[in-house]
Amino acid sequence: MPADLLSASELEARLRDVGARRYHSLHPFQIRLQSGQCSRTEVEAWALNRYLYQACIPQKDAHILARMENADDRRAWRQRIVDHDGEHEGEGGIAKWLKLTDDLGLDRATVTSGRLALPATKFAVTSYLCFVRDRPLTEAVASSLTELFSPSVIKVRSEGMLANYDYVTPETLAYFNKRPVQAKRDSDFALAYVTEHAKTRAEQDAVIAALEFKCSMLWTMLDALEHGYIYAKPWPDAFHAEDGAAKQAAE
Ligand SMILES: O=C(O)c1cc(C(=O)O)c2c(n1)C(=O)C(=O)c1cc(C(=O)O)[nH]c1-2
């Protein structure tokens, strides 16, 4: 074993340290959202933009699945696609995300078209898809390891949104109910996978860098919301206050 190779527990500690420093739970927009400081327009813009992230997840998982040579790995990984797409129309995580945007009063066709999403959201999502397509498979798998950290941010966000926004109900946030259990299952698999397949220190460093990349992608999406909606300067073609509840209340 090369002297500089990290043990499994050292690698895990390095990965957890990436999350402790860079995960989007630390972002000012996330803190604003969970503490009730977001305007209704900001909550709507968050949901509308994040739809594009939700929609890309089964596509990125299909890229990874197609590259796995081992049937056991494929059987485990394909569950992620089912979780988001469902077995039938109207089932699965993406449908539940649309329930969230429905409850906020957003038009489905507008949300799914991505027409009013911020340019940085689109760049971030595209770069995630390109990353898992173009980088070595172990790095692509490693980029999903933000799910090591998602159960706690989901809990804090969901509790905060329910406590602080009277238009948000448990049904609105039903998407998040299953995620902590699914995220634990998925991140256990991904952590075991990268631990087994990153065999050199350079490969281990690339796995850590992949997780840093993914954290930066999630961070960028919240930077874009902060810039666009807190400084009130969204991209001209993006979602504006008039596209949301304010407009419907005036009608
Ligand atoms: O609510 C969140 O903060 C959050 C974060 C993440 C994440 O850290 O990537 C995911 C999710 N949610 C999520 O719902 C989800 O399905 C998901 C899949 C993945 C992935 O990279 O495969 N991350 C996440």
Side-chain angles (χ1 to χ4, degrees), residues 15-16 18-34 43 46-47 49-65 67-68 73 76-86 91-101 121 124-133 135 137-162 168 172-191 193-194 207 210-222 225:
L15 292 166
R16 290 192 181 278
V18 171
R21 292 166 192 268
R22 296 184 171 85
Y23 193 49
H24 66 177
S25 53
L26 301 169
H27 195 284
F29 191 92
Q30 166 67 32
I31 291 161
R32 186 176 170 94
L33 180 64
Q34 73 203 23
V43 174
W46 167 75
N49 278 272
R50 188 170 150 159
Y51 171 80
L52 293 188
Y53 177 62
Q54 300 301 138
C56 97
I57 288 173
Q59 290 182 289
K60 74 92 183 164
D61 285 325
H63 277 301
I64 292 175
L65 185 66
R67 300 173 64 197
M68 286 176 151
D73 292 339
W77 204 268
R78 74 184 182 205
Q79 185 58 43
R80 294 171 177 246
I81 299 176
V82 174
D83 289 343
H84 287 275
D85 283 338
E91 299 174 356
I94 296 177
K96 291 211 181 84
W97 197 267
L98 289 171
K99 161 78 175 137
L100 192 163
T101 56
T121 308
V125 164
T126 302
S127 79
Y128 189 27
L129 288 173
C130 293
F131 186 93
V132 300
R133 187 194 62 197
R135 302 295 303 171
L137 180 58
T138 305
E139 292 174 43
V141 170
S143 69
S144 73
L145 281 171
T146 43
E147 287 199 278
L148 284 171
F149 321 120
S150 65
S152 70
V153 78
I154 287 173
K155 182 172 189 294
V156 172
R157 186 194 302 117
S158 297
E159 288 176 1
M161 290 181 75
L162 285 171
V168 172
T172 312
L173 298 183
Y175 168 76
F176 291 109
N177 292 348
K178 286 190 180 166
R179 282 313 304 166
V181 170
Q182 293 171 342
K184 167 87 172 74
R185 177 203 64 204
D186 292 346
S187 59
D188 283 351
F189 178 91
L191 185 58
Y193 187 97
V194 303
V207 157
L211 183 55
E212 288 171 354
F213 158 79
K214 174 67 174 304
C215 286
S216 75
M217 176 260 162
L218 293 172
W219 194 274
T220 297
M221 291 200 299
L222 296 185
L225 287 167

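Just so you know, ligand 1 is whichever comes first in the structure, and atom 1 is the first atom listed for that ligand.
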Novice: Return the residue, atom name and 0.1 Å-rounded distance of the protein heavy atom closest to atom 18 (C) of ligand 1.
Specialist: Ile57 CD1, 3.4 Å
Novice: Do Asp186 and Arg179 have side chains that approach each other closer than 4.5 Å (heavy atoms only, starting at C-beta)?
Specialist: yes
Novice: In plain terms, say whether Arg185 and Glu147 are close enough for a salt bridge, that is, a side-chain N and a carboxylate O under 4.0 Å apart.
Specialist: no
Novice: Suppose we measure from atom 13 (C) of ligand 1 to each protein heavy atom; which comes out shortest, and what is that distance?
Specialist: Tyr175 OH, 3.4 Å
Novice: If you have a sec, work out which protein heavy atom is nearest atom 10 (C) of ligand 1 and how many Å separate them, to one decimal?
Specialist: Tyr53 OH, 3.8 Å
Novice: Is there any N or O on Asp61 that sits under 3.5 Å from an N or O of ligand 1?
Specialist: no
Novice: Taking side chain as C-beta onward, heavy atoms only, is Tyr51 less than 4.5 Å from Leu100?
Specialist: no
Novice: Just by distance, with hydrogens left out, do Lys214 and Tyr128 show a side-chain donor and acceptor under 3.5 Å apart?
Specialist: yes
Novice: What I want to know is whether Arg157 and ligand 1 share at least one N or O pair that is separated by under 3.5 angstrom.
Specialist: yes
Novice: Quick one: look up the protein heavy atom nearest atom 22 (O) of ligand 1 and list residue, atom name and how far away it is.
Specialist: Lys60 NZ, 2.7 Å
Novice: Should the proximity of Trp97 to ligand 1, defined as any heavy atom under 4.0 Å, be assigned to the side chain, the backbone, both, or neither?
Specialist: neither
Novice: Are any non-hydrogen side-chain atoms of Asp83 and Lys178 less than 4.5 angstrom apart?
Specialist: no
Novice: Numbering the atoms of ligand 1 from 1, which are under 4.0 Å from a heavy atom of Arg80?
Specialist: 22 (O)
Novice: So which protein heavy atom does atom 2 (C) of ligand 1 come closest to, and at what separation?
Specialist: Arg50 NH1, 3.1 Å
Novice: Assess Gln182 for proximity to ligand 1: is some non-hydrogen atom of it under 4.0 Å away?
Specialist: no
Novice: Of the side chain and backbone of Asp83, name the one, both, or neither that has a heavy atom under 4.0 Å from an atom of ligand 1.
Specialist: neither
Novice: Do Thr172 and Lys99 come close enough that some side-chain heavy atom pair is under 4.5 Å?
Specialist: no
Novice: Which option, Phe176, Tyr23, Tyr128, owns the non-hydrogen atom nearest atom 5 (C) of ligand 1?
Specialist: Tyr23
Novice: Which ligand 1 atoms are under 4.0 Å away from a heavy-atom of Ile154?
Specialist: 1 (O), 2 (C)
Novice: Dump the intermediate steps for side-chain contact (heavy atoms from CB on, under 4.5 Å) on Asp73 and Phe189, then the final yes or no.
Specialist: CA-CA 9 Å; Asp73 292 339; Phe189 178 91; 3.7 Å; yes
Novice: Ser144 heavy atoms, cut-off 4.0 Å: which ligand 1 atoms fall inside?
Specialist: 21 (O), 22 (O)
Novice: With side chains defined as the heavy atoms from C-beta onward, is the minimum distance between Lys60 and Ser144 less than 4.5 Å?
Specialist: yes
Novice: Would Met161 and Val43 count as a side-chain contact (heavy atoms from CB on, under 4.5 Å) if you check the C-alpha gap in whole Å, the side-chain angles of each, and the deciding distance to 0.1 Å?
Specialist: CA-CA 9 Å; Met161 290 181 75; Val43 174; 4.0 Å; yes
Novice: List every atom of ligand 1 that sits less than 4.0 Å from any heavy atom of Val153, numbering the atoms from 1 in the order shown and giving each element.
Specialist: 3 (O)
Novice: Relative to the heavy atoms of Lys214, which atoms of ligand 1 are at a distance of less than 4.0 Å?
Specialist: 9 (O), 20 (C), 21 (O), 23 (N)
Novice: Going by the order shown, which atoms of ligand 1 are within less than 4.0 Å of some heavy atom of Leu218?
Specialist: 7 (C), 8 (O), 9 (O)
Novice: Taking the side chain as everything from C-beta on, heavy atoms only, tell me whether Phe213 gets closer than 4.5 Å to Arg135.
Specialist: no
Novice: For Phe149 and Ser187, what are the C-alpha separation, side-chain angles and deciding distance, and is it a side-chain contact (heavy atoms from CB on, under 4.5 Å)?
Specialist: CA-CA 9 Å; Phe149 321 120; Ser187 59; over 6 Å; no
Novice: Heavy-atom distances under 4.0 Å decide this one: backbone, side chain, both or neither, for Thr146 against ligand 1?
Specialist: both
